[in-house]
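Comments concern the structure below.
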Amino acid sequence: MPELPEVETIRRQLEPLLTGSTIAAVDSHGSDKFSPALDAAGATITAIRRRGKYLLFDLDDERELVAHLGMTGSFSVIDVTPKTAPSCADHGPHTRAVWALADGRHLVFNDTRRFGRLRVVDTGDYSDIPTLHHMGPEPLDDEFDGASLHAAVKASSRPIKTQLLSQRPVSGVGNIYADEALFLAGIDPRARRVGRQRCDALALTIKSVLKAGIDNGGTTLRDYVNAEGEEGQNQHELVAYGRGGEPCVTCAEPLQTVVLDARTTTFCRNCQRR
DNA sequence: CCAGCAGCCTGAAAGC
DNA sequence: TGCTTTCAGGCTGCTG
């Protein structure tokens, strides 16, 4: 499940491959989630950015192609010789969009479970993409710190993990990195009141787990692969997520698993406080 | 406006 | 062995 480190890894790989490339033709899956990919035809990619878990392809006509990878989305760039018209069917059963570049290469979006989404919007106009529209600060920017986190979460009495997953206090944190950051900060994911001091700690652990995720090329549990088709290595560093029943690395008590917002949540009831 | 929740999806794994 | 059920979960859009 791609979160910020996975999307950033893909962004870094695609940027040098695609900057300056013109999209000559497009094919897409018929679903409304993917057919907006067609709108990018004729445009040239001028930059590739990331906001939270969203990948943003800047186009030269004051628009941008917005991509969310959902649970199983992945991008790849494929050499196609001789030049052929783009066809999803040619690339596999789970290909949801193909952008044929003017030089003959194909940018391919695969998404087995179709939780992903593609859109072309006017630059910066995210009014039809609610989560992106209301996205909190980038976690690795200086403007995100304990003070901004505390300011964002103090008004709500929803569980702290629920708030993190909303993308509003901070962007890019999903189920894996939320469990990791809360564990390292010693905060129970169900805590409904997190004061300034604990927010200071949590902001730091969010930054550290995301940085580590990027450094390790992302976390591969099931489906994630980068734009080169390679798995990440960060799954070997996880201390909480997916380790329910295993001993806590700090106190050796078995880690607890609960369901919060329909998501598996793993924590140590001994080390993490409400 | 916000909180809560169903629905979207498929393949791997577990259960019978 | 083979069929059925469960599980993974980010985001959208609906309801109260």
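Numbered from 1 within each chain, the chains take letters A, B, ... in sequence-line order.
Checking the phosphate oxygens (OP1, OP2) of C/dG10, no side-chain nitrogen or oxygen of A/Gln167 falls inside 4.0 Å. Listed pair A/Ser156 / B/dA3 meets the phosphate criterion, a side-chain N or O lying under 4.0 Å from OP1 or OP2. In this structure, A/Arg114 reaches the B/dT10 phosphate: one of its side-chain N or O atoms is under 4.0 Å from OP1 or OP2. In this model, the phosphate group of C/dC11 is approached by a side-chain N or O of A/Lys53 to a distance below 4.0 Å at OP1 or OP2. The side chain of A/Arg263 contributes an N or O atom lying less than 4.0 Å from OP1 or OP2 of C/dG10. A/His94 has a side-chain polar atom (N or O) that falls below the 4.0 Å cut-off from OP1 or OP2 of B/dG11. The side chain of A/Arg158 contributes an N or O atom lying less than 4.0 Å from OP1 or OP2 of B/dA3.
Ring geometry, A/Phe34 versus A/His29: the interplanar angle exceeds 60°, so the pair is classed perpendicular (tilted spans 30 to 60°). Between A/Tyr54 and A/His68, the ring-plane angle classifies as perpendicular under the 30° and 60° cut-offs.
A salt bridge does not link A/Glu3 to A/Lys53: none of the charged side-chain nitrogens sits closer than 4.0 Å to a carboxylate oxygen.
Under the 4.5 Å side-chain heavy-atom criterion for ILVMFWY residues, no single connected hydrophobic cluster contains both A/Val66 and A/Leu107.
Using a 4.0 Å heavy-atom distance criterion, A/Thr264 is classed as a sugar-phosphate-only contact. As judged by a 4.0 angstrom heavy-atom cut-off over every strand, A/Ile129 is placed among residues touching the sugar-phosphate backbone only.
The closest side-chain heavy-atom distance from A/Ile206 to A/Leu164 is below 4.5 Å. Between A/Val153 and A/Cys199, the closest side-chain pair of non-hydrogen atoms falls below 4.5 Å.
A donor-acceptor contact under 3.5 angstrom links the side-chain atoms of A/Arg113 to the base of C/dA8.
Within a 6.0 Å radius of CZ in A/Arg269, other residues, nucleotides and ligands contribute 12 heavy atoms or fewer.
Consecutive pairing runs in DNA chain C reach the stem threshold at B:2-16 with C:2-16, where a stem means at least three Watson-Crick or G-U wobble pairs with distances under 3.5 Å.
Between A/Pro130 and A/Ala262, the residue whose closest nucleotide on DNA chain C is further toward the 5' end is A/Ala262.
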